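Counting starts at 1 for both ligands and their atoms, in listed order. Here the structure is a predicted model, which is why all the values come from computation and not from measurement. For reference, positions follow the sequence shown, starting with 1.
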Amino acid sequence: MIQDDYRAAIDIGTTKVCTILGRKRSDGSIEIAGVGVAPCNGLHRGLVTDPKATTAAVLESIGSASKAAGMPIRRAYIGLTGSHVESRNIWSRVDSKSGVKVVAEEDMRRAISVASADAQTEGRSILHVIPRSYALDGIYGVRNPLGMHAAEMYIQTHAILGDQHPIDSLTAAVKAAGIGVSGLIVEPIASAEAVLTEQEREEGVILIDVGGGTSDIAVFHEGSIVHTAVLSVGGYQFTNDLAVSFDIPHKEAEEVKLKYGSAAQDARTATEEVEINPRGMDEPLLINRREIGQLMNDRGMEMLRLLMKKINEPHVTELDITRMVLTGGGVKLDGFASLARYVFQHEVRVASPRGAEGLPEVNQDPQFAAGVGILLWGMRNLPRESHISSKSHIAVSSGPLAGSGLRSSFRKMLPRKLAGSRESGTPVGV
Ligand SMILES: Nc1ncnc2c1ncn2[C@@H]1O[C@H](COP(=O)(O)OP(=O)(O)OP(=O)(O)O)[C@@H](O)[C@H]1O
Ligand SMILES: [Mg+2]
């Protein structure tokens, strides 16, 4: 029996963990089978600082996604972020045999391994080596040399590297939940996969995913990735500013931000009064929305300027890109997109994830771009491999969410399987 191709993605964010199980149909389209989201307090600026809390959130989100899909998840692709993630574009000479010959699959594979060896940097781990273009016998800009004739081939790749320690901490937190790691996918690449159109990638676009603790950047031009970077500033900074400035607890600051926060200076609501409860005061305090808006505006301007510094590398500025796509929960702050338009002077679009069928409406939101993107990228670029328990896999092969029997078999096996798994997932550099 041919088994269905089910694979899972886990986005371990600074504010929440999101697990998504999907199925790849024979026509290549991807359908969502289950989503699970759990709040997470185990990370700071995208890095694991409390492994136990991270593992607990992974377990909870895996449990919800498994329950929604009716099948236990055993392995997954994991998203990775943090300011240690850096990129560079490198040219590598692919050793050629003497004389003109046709470029074969084997040469393409060799090109990637030569480029990976060139990208190797002491103390750093290679996360991705993505082909950008090729040069054949001095002719540059070849996108796919397969089947072409050449005596000499060069490959240009986009190499993304990270520090080993945060990679190990993240994979350890996932493995402690009994989940095997089938691949690490850097979050900017994932978010881009879920929100960008072909046309945007072709014409040139800057993608920014503003999360709780990080802002992930990916720049594309002429269909290929040009620049990847992570800024360790996100939506949390806005909340923290409110908490510190008004001496209120973080929970209240987050509520005030979600309800009244705006990075735009709106004269119509500026004098509206908001009640807050500063520490040590017996009575609530009334503040103007203008005061909240001023803080959000200042922080937004600062954040966008820091992002601009991370983006404006010479190899990006020379491309004259004028489009920007924003995603991630942080861009839902009222007025943030307008502020980005003003600071960058770019055409700006706020995007939610696309490209997967059956995504619940509640997850069709910028906060889930990375989660959906990890799944899409993994399904499209990594080798097929089952991420669910084979027992339930066979039981559901007649349909993705079939039958109550399936759900009861899942209920029986989930705690034991998740707690006792010996999967030894290994990060994969692709
Ligand atoms: N309506 C809103 N207005 C303002 N901010 C919002 C809104 N909705 C969500 N946010 C902010 O979005 C952030 C969470 O976004 P997201 O879920 O993308 O982050 P994450 O993936 O958990 O974190 P990271 O990617 O940085 O590790 C929080 O700071 C939250 O306050
Ligand atoms: Mg995120």
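- In terms of protein heavy-atom proximity, atom 22 (O) of ligand 1 is closest to Thr15 OG1, 2.6 Å.
- Residue Gly330 has at least one nitrogen or oxygen atom sitting less than 3.5 Å from a nitrogen or oxygen atom of ligand 1, judged on distance alone.
- Note on Glu357 versus Arg25: salt bridge recorded, some NZ/NE/NH1/NH2 to OD/OE distance being below 4.0 Å.
- Looking at Glu254, Arg45, His250 one by one, the single match for side-chain hydrogen bond (donor to acceptor under 3.5 Å, both in side chains) with Tyr236 turns out to be His250.
- Looking from atom 30 (C) of ligand 1 to the surrounding protein, the closest heavy atom is Glu254 OE2, 3.4 Å.
- Protein heavy atom at the shortest distance from atom 17 (O) of ligand 1 is Gln367 NE2, 2.7 Å.
- Considering backbone and side-chain atoms alike, Asp216 places every N or O at 3.5 Å or more from each N or O of ligand 1.
- Those atoms of ligand 1 with a heavy atom of Leu333 less than 4.0 angstrom away are 3 (N), 4 (C).
- Atoms of ligand 1 found under 4.0 Å from any heavy atom of Gly328, numbered from 1 in the order shown, are 18 (O).
- Residue-ligand proximity, Gly235 to ligand 1, at heavy-atom distances under 4.0 Å covers atoms 29 (O).
- Residue, atom and distance of the protein heavy atom nearest to atom 7 (C) of ligand 1 are Leu258 CD2, 3.4 Å.
- More than 12 heavy atoms of other shown residues, nucleotides or ligands fall within 6.0 angstrom of atom CD in Glu273.
- Contact annotation: the side chain of His158 never approaches that of Ser224 to less than 4.5 Å [non-hydrogen atoms, C-beta and beyond].
- The nearest heavy-atom contact from the protein to atom 28 (C) of ligand 1 is Gly212 CA, 4.0 Å.
- A side-chain donor-acceptor contact under 3.5 Å links Glu385 and Ser182.
- Taking only nitrogen or oxygen atoms, main chain and side chain alike, Asp11 does not reach within less than 3.5 Å of ligand 1.
- Enclosure of atom NE2 in His165 is not indicated, since only 12 or fewer non-hydrogen atoms of other residues, nucleotides or ligands lie within 6.0 angstrom.
- Counting non-hydrogen atoms of other residues, nucleotides and ligands closer than 6.0 Å to CG of Asp298 gives a total above 12.
- Closest to atom 5 (N) of ligand 1, if we only count protein heavy atoms, is Lys257 CE, 3.6 Å.
- Within ligand 1, the atoms closer than 4.0 Å to a non-hydrogen atom of Tyr236 are 29 (O), numbered from 1 in the order shown.
- In summary, of the residues considered (Val256, Thr271, Val274), a side-chain contact (heavy atoms from CB on, under 4.5 Å) with Arg289 occurs for Val274 alone.
- Looking at ligand 1, you'll find an N or O of Gly213 within less than 3.5 Å of one of its N or O atoms.
- Side-chain contact check for Ser352 and Asp365: no donor-acceptor pair (N or O, by modelled atom type) lies under 3.5 Å.
- No close placement of the His227 and Phe220 rings is indicated, their centers lying 6.0 Å or farther apart.
- Ligand 1 does not have Gly234 within reach: every non-hydrogen atom of the residue lies 4.0 Å or more from it.
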Residues Glu255, Lys251; criterion salt bridge (charged side-chain N to carboxylate O under 4.0 Å, His left out); working and verdict: CA-CA 6 Å; Glu255 283 163 16; Lys251 192 167 175 292; 3.5 Å; yes
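- Donor-acceptor pairing under 3.5 Å is lacking for the side chains of Asn312 and Thr317.
- Atom 8 (N) of ligand 1 has as its closest protein heavy atom Lys332 CE, 3.2 Å.
- Of all protein heavy atoms, the one closest to atom 12 (O) of ligand 1 is Gly329 C, 3.0 Å.
- Every atom of ligand 1 with a heavy atom of Gly211 under 4.0 Å away is listed here by number and element: 13 (C), 15 (O), 16 (P), 18 (O), 19 (O), 23 (O), 24 (P), 25 (O), 26 (O).
- Ligand 1 has an N or O atom lying under 3.5 Å from an N or O atom of Thr14, backbone or side chain.
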